[in-house]
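Note that the numbering runs from 1 along the sequence shown for the chain. What's counted below: heavy atoms across the whole structure, side chains too, no hydrogens, waters or symmetry copies.
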Amino acid sequence: MTAQAAVMDSPVEAQPSQMGLAALARMVFEGRDLQPLWASLIEQATSNLTDASAMLDLATLAILTGDMAGGLGLQQQALQRQQLYRRAAAGQPSLTVLAIAAPGDMMANTPLDFLLEQANAELLTLYVAPGIGLPSELPDHDIAFLAVGESEANRPLLQALAPILPGWPRPLLNNNALRIAELTRDGVCDLVEGVPGLLAPKAERLDRTGLAAWTAFPIIARPIGSHAGAGLLKLEGAAEVAAYLAEQPAERFYVSPFIDYAGPDGLFRKQRIALIAGKPFLCHHAVSAHWMVHYMNAAMLDSPENRAEEARMMATFDDDFAVRHAPAFKAMAERIGLDYFAIDCGETKDGRLLLFEADVAMIVHDMDPPDLFPYKKPQMRKVMAAFEAMLMRAVG
């Protein structure tokens with residue numbers, strides 16, 4: 001989509017209400033029998049060729065259950081039928097939010113469906129992409145949110161939207177498409193360089209030849225465009241680089257120095273923190289014996305000790321971690337300059353905030369089982385209430 005071709009000639013109308021990402025993800029996460037739902041959605045989508053909502057829910061369900069190619073194919077079919085979708089509020093909505101979104105997987109856009117799950121808000125999602133521009137007549141809404149996340153695939157879309165969005169007829173949050181496009185791993189390092197109390201290890205983009213010639217170790221290498229640890233490896237020397245390149249088909253990589261951030265007990269700790277109108281909110285705290293920490297592989301389900309530590313972290317975050325790193329959070333929020341984004345971070349051995357990445361599309365959710373994580377729901381209610389309050393203030 002170019003800026004010149006970013007407006008379609010006709011208005012759009014929302015399809016009947018879809019289930020949406022949050023409801024479907026919860027069913028998958030809880031291990032429910034999905035066959036009846038799958039059959040029902042197929043019947044709806046095939047018996048009524050105008051029911052793009054059922055098709056889009058099918059696409060989301062396929063992606064959530066691991067069929068990425070099939071899900072993205074179904075999503076493309078749905079978007080050829082319709083670009084605007086509605087997730088209804090539980091009751092009479094107090095707010096109608098219009099999300100400007102891009103096609104893609106669960107990490108393509110800000111997870112507004114999760115963030116608004118507890119709000120009395122109607123969520124309209126308007127998909128834009130090459131060949132699917134903004135409609136000439138927008139649907140009625142109270143506030144809009146640029147939900148398109150940074151990625152190699154989304155960069156042309158963000159660049160095309162940048163000159164169009166400043167004249168939006170309603171309040172529009174995260175209204176800085178070019179800044180979102182800068183939230184690459186190397187771009188974030190440049191944005192926050194020199195912030196006191198913050199360490200963002202410098203990331204460099206290398207092709208295969210450049211990586212093969214690298215001489216300063218240890219390093220962290222990952223293919224550009226990868227997520228969730230795919231292709232991420234610590235390399236200690238030239239022989240390990242050669243072995244890594246032999247296994248990795250990617251042509252370009254991010255390389256950054258490895259920072260040993262283990263605590264005195266030898267364990268690694270990573271936090272996911274949402275910055276909402278500049279204020280930090282803890283979303284999870286993972287503990288692992290391995291330096292590559294992901295919440296799903298950090299034995300949080302199996303370790304009462306890890307869960308107890310996370311509970312303490314959530315109980316003390318506002319008065320401890322957030323206070324200790326307040327200058328870094330403040331400067332980072334000012335440098336990045338978005339209404340909402342999230343970070344993955346840790347702490348260095350000398351007490352600085354260690355920034356791994358910043359993005360507008362990190363998953364933030366309230367799906368952990370309350371019997372094992374009783375402390376999580378109050379914390380996530382606080383996160384979601386702060387997000388809703390930010391929207392309400394913007395509406396005025």
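Both L61 and F29 belong to a single network of hydrophobic side chains, linked directly or stepwise wherever heavy atoms of I, L, V, M, F, W or Y lie under 4.5 Å apart. In this structure, L116 is a member of the same hydrophobic cluster as M392, with clusters built from ILVMFWY side-chain heavy atoms closer than 4.5 Å. Residues L282 and L353 share a hydrophobic cluster, clusters being chains of Ile/Leu/Val/Met/Phe/Trp/Tyr side chains in contact below 4.5 Å. With hydrophobic clusters built from ILVMFWY side chains whose heavy atoms lie under 4.5 angstrom apart, L173 does not share a cluster with V148. Grouping the Ile, Leu, Val, Met, Phe, Trp and Tyr side chains by contacts below 4.5 angstrom, directly or via other members, places I273 with V192.
Heavy atoms of other residues, nucleotides or ligands lying less than 6.0 angstrom from NZ of K279 number 12 at most.
Screening residues 376-396 for ring pair (Phe, Tyr, Trp, His ring centres under 6.0 Å), with sequence neighbours left out, gives F145-F387, Y340-F387. Applying the ring pair (Phe, Tyr, Trp, His ring centres under 6.0 Å) test to every pair with at least one member in residues 89-126, sequence neighbours left out, gives no pairs at all.
L37 is listed as a side-chain neighbour of L24, based on a closest heavy-atom distance under 4.5 Å. Using a 4.5 Å heavy-atom threshold, the side chains of L74 and I63 count as separate. Taking 4.5 Å as the limit, every side-chain heavy atom of E347 sits out of range of all side-chain heavy atoms of R269. Residues N306 and S288 form no side-chain contact, since every pair of their non-hydrogen atoms from C-beta on lies 4.5 Å or further apart. Contact check for N154 versus I180: no side-chain heavy atoms found under the 4.5 Å cut-off. You'll find the side chain of T184 reaches within 4.5 Å of the side chain of R155, heavy atoms only. No side-chain heavy atom of F253 sits under 4.5 Å from any side-chain heavy atom of I219. When side chains are defined from C-beta on, F217 does not count as touching E236, because their heavy atoms never get closer than 4.5 Å.
D51 places no side-chain N or O within donor-acceptor distance of the main-chain N or O of A45, the cut-off being under 3.5 Å. A donor-acceptor pair is defined here as one N or O able to donate and one able to accept, closer than 3.5 Å; no such pair exists between the side chain of R179 and the backbone of N174. Without hydrogens or angle criteria, S40 side chain to P36 main chain gives no donor-acceptor distance under 3.5 Å. Side chain of D57 to main chain of M19: a donor-acceptor pair is present (N/O by atom type, distance under 3.5 Å, no hydrogens or angles). Of the possible polar contacts, one joining the S94 side chain to the N120 backbone as a donor-acceptor pair under 3.5 Å is found. A donor-acceptor pair under 3.5 Å is formed between the side chain of Q75 and the backbone N or O of G104. Listed for the H141 side chain is a donor-acceptor partner under 3.5 Å among the backbone atoms of P139. Within the 3.5 Å criterion, the main-chain N or O of D320 finds no donor-acceptor partner in the side chain of T316. When atom types are taken as modelled, the side chain of R335 and the backbone of E193 share a donor-acceptor pair closer than 3.5 angstrom. The closest donor-acceptor contact from the side chain of T65 to the backbone of A62 lies under 3.5 Å.
One finds a salt bridge joining R185 and E357 here, because a Lys/Arg side-chain nitrogen approaches an Asp/Glu carboxylate oxygen to under 4.0 Å. Residues K382 and D318 are paired through a salt bridge, judged by an N-O separation under 4.0 Å between the basic side chain and the carboxylate. The existence of a salt bridge linking D186 and K202 is excluded, since no basic side-chain nitrogen approaches an acidic carboxylate oxygen closer than 4.0 Å. Remark: D344 engages R272 in a salt bridge, criterion side-chain N to carboxylate O under 4.0 Å. Using a 4.0 Å cut-off between charged nitrogen and carboxylate oxygen, R307 and E310 do not count as a salt-bridge pair. Between E152 and R205, at least one side-chain N (NZ, or NE/NH1/NH2) sits under 4.0 Å from a carboxylate O, which counts as a salt bridge.
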Test log, rule side-chain contact (heavy atoms from CB on, under 4.5 Å), inputs Q44 and L41:
CA-CA 5 Å; Q44 292 177 58; L41 290 172; 4.1 Å; yes
Quiz item: Can K377 and D366 be said to form a side-chain contact (heavy atoms from CB on, under 4.5 Å), step by step?
Solution: CA-CA 6 Å; K377 286 197 176 295; D366 179 28; 3.3 Å; yes
(request) Before giving the answer on side-chain contact (heavy atoms from CB on, under 4.5 Å), spell out for D368 and L301 the whole-Å C-alpha distance, their side-chain angles and the decisive distance to 0.1 Å. (result) CA-CA 9 Å; D368 293 298; L301 285 169; over 6 Å; no
- Please walk me through it: do I343 and Q271 pass side-chain contact (heavy atoms from CB on, under 4.5 Å)? CA-CA 8 Å; I343 65 170; Q271 296 79 34; over 6 Å; no
inquiry  = Could you go through R170 and D140, starting from their C-alpha distance and side-chain angles, then the distance that decides it, and tell me whether this counts as salt bridge (charged side-chain N to carboxylate O under 4.0 Å, His left out)?
reply    = CA-CA 9 Å; R170 295 285 186 273; D140 190 31; 3.8 Å; yes
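Summarising the geometry, atom CG belonging to L391 is positioned 8.0 Å from atom CG belonging to L112; distances are rounded to the nearest 0.5 Å.
Under the ring pair (Phe, Tyr, Trp, His ring centres under 6.0 Å) criterion, Y261 pairs with F268, F356, sequence neighbours left out.
Q248 and P223 get closest at one heavy-atom pair: OE1-CG, 3.5 Å. Nearest heavy-atom pair, L199 versus T348, reported as atom, atom and distance to 0.1 Å: CD2-CG2, 3.8 Å. Nearest approach of A358 to F341, heavy atoms of both residues: CB-CD1, 4.4 Å. Looking at every heavy atom in both residues, M313 comes nearest to F321 through CE-CD1, 3.2 Å. Listed here is the closest heavy atom pair of A59 and G71: CB-O, 3.2 Å. When all heavy atoms of E309 and V287 are compared, the closest pair comes out as OE2-CG2, 3.4 Å.
A perpendicular orientation is assigned to the rings of F329 and H325, their planes being inclined by more than 60° (bins at 30° and 60°).
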